Amino acid sequence: MTVDITPFDLLRWYLDAGADEAIGEAAIDRFKAVSEVKREAPPPPPPAAKTAAPVSATAAHLADGCRTLADLKAAMEAFDGLPLTRTATTTVFADGNPEARLMVIGEAPGQEEDRAGRPFVGRSGILLNKMLASIGLERERDVYITNVLAWRPLENRKPAPDEVAVCLPFLVRHIELIDPAMILLLGGAAASAVLARNEGINRLRGQWHDFASPGLSHPVPVIASFHPAYLLRTPEAKRAAWKDLLMVKTRLDAKTP
Ligand code: URA
């Protein structure tokens with residue numbers, strides 16, 4: 001018995017099987033196509049101007065030229081090498097006493113800091129002030145505070161690695177100009193940026209590290225601890241943060257950096 005199959009029958013069969021989209025007029029040998037893709041040379045790297053490195057080089061060049069805190073502040077306020085610099089209301093440079101022995105470094109400004117132009121003025125800042133007071137430190141007198149990023153990331157998201165890379169030369173120059181006796185890093189983003197380590201904050205906190213840089217006459221002792229925003233969400237971590245603060249107090253009291 002012969003069955004007559006018309007082109008319409010075939011189309012119906014394809015439709016029933018789910019093939020309802022015409023891809024091309026001619027048949028494609030997919031096996032050949034795959035082997036040709038495998039033989040193709042790797043795609044060329046993207047043009048250099050589109051990567052973070054040259055922007056970072058610009059920041060490094062600008063930062064290197066800064067001889068004073070005022071120079072650095074002016075250079076950062078004029079910097080437009082990151083989209084964040086255009087969406088932020090202010091450049092959040094620093095707060096506190098530039099002569100203080102303790103430099104505190106957080107992550108990035110939030111909405112309130114962006115409005116005020118000062119780091120740590122929101123809920124995290126209120127807790128930070130209490131933490132400092134608990135070891136006898138007054139924010140305006142005994143501490144100098146800044147952030148890894150001077151510009152607020154929208155939606156309060158974490159700083160992206162390329163944003164940190166771009167801002168790092170400014171931060172390093174900031175540390176060199178302050179030349180603190182010791183540094184307290186708040187949170188994983190600050191810890192991994194300054195210590196150039198990939199481990200999480202749980203691994204990095206609770207011990208002394210060194211921060212060295214060509215512009216410093218000697219390495220600066222650094223300790224990392226939990227970010228106040230994390231402590232607000234995770235009160236059970238306050239016990240460990242308290243231990244870190246006591247390590248800072250002991251070292252400050254000993255007057256040996
Ligand atoms: N969180 C930070 O890390 N820095 C601020 O300035 C405010 C909140």
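Source: prediction; values computed, not measured. Just so you know, ligand 1 is whichever comes first in the structure, and atom 1 is the first atom listed for that ligand.
- Distances shorter than 4.0 angstrom occur between a heavy atom of H227 and an atom of ligand 1.
- Protein heavy atom at the shortest distance from atom 8 (C) of ligand 1 is A108 O, 3.8 Å.
- In terms of heavy atoms, I223 sits closest to V248 at CG2-CG2, 3.5 Å.
- Distances below 4.0 Å separate heavy atoms of P119 from the following atoms of ligand 1: 6 (O).
- Relative orientation of the H174 and Y144 rings is perpendicular, given thresholds of 30° and 60° on the angle between their planes.
- Between the side chains of N129 and R139, a donor-acceptor pair is found at a separation under 3.5 Å.
- D114 and T89 share a donor-acceptor pair across their side chains, judged by distance under 3.5 Å alone.
- Nearest protein heavy-atom contact of atom 4 (N) of ligand 1 is N147 OD1, 2.8 Å.
- T91 and E77 share no donor-acceptor pair across their side chains, judged by distance under 3.5 Å alone.
- Contacts with ligand 1 closer than 4.0 Å are made by heavy atoms of both the backbone and the side chain of E107.
- Of all the atoms in ligand 1, the ones that sit under 4.0 Å from a non-hydrogen atom of G106 are 3 (O).
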